[in-house]
Peer 1: 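Below: one structure in structure tokens.
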Amino acid sequence: MSNILTILKKEFKSYFNSAIAYIFITVFLLITGWFFVSDLFLANQASLRGPLSIIPLIFIFFIPGISMRLISEERKSGTIELLVTMPVKDHEIILGKYFAALALLFAAVLSTFPYVMTISILGEVDGGVIFGQYLGMLLMGAAYLAIGTFASSMTRNQIVAFITSFLLVFIFFLIGKMLVFLPTSLVAIAEYISIDFHFENLVRGVVDSRDMIYYFSLISFFLLLSFRALGSRKWK
Amino acid sequence: MIYIENLTKLYASTPAVDDISFEVETGEILGFLGPNGAGKTTTMKMITCYMPPTHGRIKIAGYDVFTDSLEVRKRIGYLPENAPLYDDMNVLEYLKFVAELRGIRGHEKSSRMKKMIEVTALGDVLHKDIGELSKGFRQRVGLAQAMIHDPDILVLDEPTSGLDPNQIVDIRDLIRRLGEEKTVILSTHILPEVQATCDRVLIINRGKLVADGTPEELQSSFQGAEKLRVEFKAADRDAISSRLKELSQVRSVNDVSQSQQSYSAAFIVELEKGSDIREEIFRLAVQENWVLLEMYKEQASLENVFRELTV
């Protein structure tokens, strides 16, 4: 447990040592801010609907950027050799790194809180809906990050990691947009797999255990794959 | 302390390490010697639990590296080749990170860190990013992290590569001192380094163990014939040469005089194994009134042993 925390701290700090954290948070706030403010002034609507409509797309581009270095950089520089020959378990390495990326995502998502304060000044705030919307953003981001962690654990090249996770995430996103083209027998399955469908549920303020189970199983699945990929050095 | 039995590592069916067996005692400094690609690094990676052996087994302090990997890793300090470190951390942060992963906490953490900084003379660069450090400093940070938890076993892959001569001497002294209580395995292809630091040498070539012994043992067992180099202050080389040949136990005499130095005559005298005729040569010189400038036994250097075994 303490090893996870040590790795988490180190990785989180290194996001801020490089420009990644600042760029991510700044651009995230700029884009969501633009959508929030344009709704506010042009449509006279104070709600998170605008930013939330664009967030799945922002995440598709930015989250692979956050996760791509997690393990591939260690492979490239050879530091992985020192890390795994210390008395640290493989799952502690994966979780420490994943949680560090998650912490950065939380920081970015929570820094949109002034929008909520603006809404509460200008109109009615439905606490349940706001909670669902934030939960939706965090869970979707967390699922994307797990996919990115997996992509990063497979290669020593950060670009390859970025493209792989971008493609995987994009597939999960696109399935939801393709429903009309699918035969009716497959629609229910495709809908369940689609990341967007579950996000929409949460954004409406419906916190359903099915959506939670979907996100948690997606996260566990890809973290488990990362764990296996890291352990592949032990194959005889 | 370290027990290795029939160790084999195959990379896509070509063996990188081929059926190696040896043991290392506590307090021994073992030098791994071999040309590039001989399997030194692969062996070290298996000892440190980075990758498993294809066949055979390694036991460290009674623990198997594959099944009790965590126990083994606690007892080993490892410096991989080229000291891979996190370039974006500064030296102090990095040592703190390693100490925490090694389970060193509280007061002990700061005292161990202070000790390591002192031993490896990192005091001046503590707040520099590792990425900005020179090769020598990186190597020392690598050594510091390998020793921070005071391990029983140190595995050092080319610990002195990239260091300047003064640093090399410092690091060798450090390794010698550590080797009094700890088990050290180091790899190198610098031969004087082995002679200067190691109690025992293993020479590996193409994955196979080709020699095992102290540096002195290896030298004497691979010495074909004893050689003496003698130099006289005299002009008549041919006369001297023929007189030397008449001495008993002399196999051959080679004139190695430098032609421009006409006042001196130098010879390499090859003797029967185990013989010593320095006294006879001295008496001959006195008798003939030759002025003896120089006379010494030529050692078969470890270089010759190395070349003989690995070329």
Side-chain angles (χ1 to χ4, degrees), chain A residues 1-23 66 68-97 99-101 104 156 158 227-236, chain B residues 8-11 41 44-56 65-90 93-94 96-105 109 129-131 138 141-142 145-146 148-149 151 155 157:
Chain A
M1 193 59 212
S2 68
N3 285 342
I4 297 180
L5 206 65
T6 305
I7 294 173
L8 193 165
K9 274 193 296 186
K10 182 236 150 203
E11 291 294 327
F12 190 67
K13 221 185 265 174
S14 86
Y15 277 125
F16 285 90
N17 277 346
S18 66
I20 303 173
Y22 302 104
I23 293 175
I66 295 182
M68 65 180 184
R69 53 172 289 282
L70 283 177
I71 297 164
S72 59
E73 197 183 26
E74 299 245 9
R75 285 193 192 279
K76 179 123 197 156
S77 65
T79 47
I80 191 86
E81 197 172 333
L82 268 180
L83 190 58
V84 301
T85 53
M86 283 184 201
V88 182
K89 295 180 179 120
D90 283 7
H91 75 262
E92 293 172 333
I93 297 174
I94 298 285
L95 289 180
K97 284 174 174 284
F99 288 148
L104 178 62
R156 49 186 295 153
Q158 291 193 31
F227 172 74
R228 302 298 272 176
L230 185 63
S232 66
R233 68 177 190 282
K234 292 187 219 152
W235 297 346
K236 289 197 180 188
Chain B
T8 302
K9 179 75 190 178
L10 303 175
Y11 285 128
T41 299
M44 292 186 141
K45 282 180 175 172
M46 288 189 280
I47 292 174
T48 54
C49 311
Y50 180 64
M51 46 162 90
T54 313
H55 302 295
V65 292
F66 193 60
T67 53
D68 289 314
S69 157
L70 211 59
E71 290 299 320
V72 172
R73 284 184 274 159
K74 279 182 194 163
R75 288 166 172 77
I76 290 187
Y78 180 33
L79 172 65
E81 209 172 352
N82 302 324
L85 305 166
Y86 299 109
D87 286 349
D88 61 343
M89 292 177 103
N90 73 34
E93 278 172 352
Y94 179 69
K96 209 181 271 176
F97 172 69
V98 175
E100 281 173 20
L101 283 186
R102 289 287 185 185
I104 307 168
R105 307 272 151 183
K109 181 166 85 179
D129 279 355
I130 292 174
R138 282 183 76 96
V141 176
Q145 68 79 27
I148 200 156
H149 55 304
V155 179
D157 202 349

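In what follows, chains are A, B, ... by sequence order, proteins preceding strands, each numbered from 1.
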Peer 1: Mind running side-chain contact (heavy atoms from CB on, under 4.5 Å) on B:Gln145 and A:Met86 for me, showing each step along the way?
Peer 2: CA-CA 11 Å; B:Gln145 68 79 27; A:Met86 283 184 201; 3.8 Å; yes

Peer 1: Quick one: do A:Lys234 and B:Ser69 satisfy side-chain contact (heavy atoms from CB on, under 4.5 Å)? Show the steps, please.
Peer 2: CA-CA 11 Å; A:Lys234 292 187 219 152; B:Ser69 157; over 6 Å; no

Peer 1: What part of B:Arg105 gets within 4.5 angstrom of chain A, counting heavy atoms only: side chain, backbone, both, or neither?
Peer 2: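 Looking at B:Arg105, just its side chain touches chain A.
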
Peer 1: Can you tell me which portion of B:Glu93 sits under 4.5 Å from chain A's heavy atoms? Options are side chain, backbone, both or neither.
Peer 2: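 When you check distances to chain A, only side chain atoms of B:Glu93 fall under 4.5 Å.
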
Peer 1: Which one wins on heavy-atom pair count under 4.5 Å against chain A: B:Phe97, B:Tyr86, B:Tyr94?
Peer 2: B:Tyr86

Peer 1: Quick one, A:Pro87 and B:His149 - any side-chain contact, counting heavy atoms below 4.5 Å?
Peer 2: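 In short, these two side chains do not touch, never coming nearer than 4.5 Å.
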
Peer 1: Would you say the side-chain atoms of B:Asp88 pair up with the backbone N or O of A:Asn17, donor to acceptor, closer than 3.5 Å?
Peer 2: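 Checking the backbone N and O of A:Asn17 against the side chain of B:Asp88, no donor-acceptor pair under 3.5 Å is found.
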
Peer 1: Using a cut-off of 6.0 Å, state whether more than 12 heavy atoms not belonging to B:Lys109 lie near its atom NZ.
Peer 2: yes

Peer 1: Between chain B and each of A:Leu83, A:Ile80, A:Leu5, count heavy-atom pairs under 4.5 Å; write down the option with the most.
Peer 2: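 Highest number of pairs under 4.5 Å: A:Leu83.
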
Peer 1: Measuring from A:Arg233:CZ to B:Lys45:NZ, what's the distance to the nearest 0.5 Å?
Peer 2: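 Between atom CZ of A:Arg233 and atom NZ of B:Lys45 there are 12.0 Å.
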
Peer 1: On a heavy-atom basis, which atom in B:Pro84 and which in A:Leu82 lie closest, and how many Å separate them?
Peer 2: O-CD1, 3.2 Å

Peer 1: Which one wins on heavy-atom pair count under 4.5 Å against chain A: B:Asn82, B:Thr48, B:Leu79, B:Asp87?
Peer 2: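 Going by pairs under 4.5 Å, I would pick B:Thr48.
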
Peer 1: Applying side-chain contact (heavy atoms from CB on, under 4.5 Å) to B:Glu100 and A:Lys10, what does each step give before you reach the verdict?
Peer 2: CA-CA 11 Å; B:Glu100 281 173 20; A:Lys10 182 236 150 203; over 6 Å; no

Peer 1: Would you name the heavy atoms of B:Leu101 and A:Ile7 that are closest together and state the gap between them?
Peer 2: CD2-CG1, 4.0 Å

Peer 1: Side chain from CB out, backbone as N, CA, C, O: work out which of these in A:Glu92 comes under 4.5 Å of a heavy atom of chain B, or both, or neither.
Peer 2: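 For A:Glu92, there is no contact with chain B at all, as no heavy atom is under 4.5 Å.
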
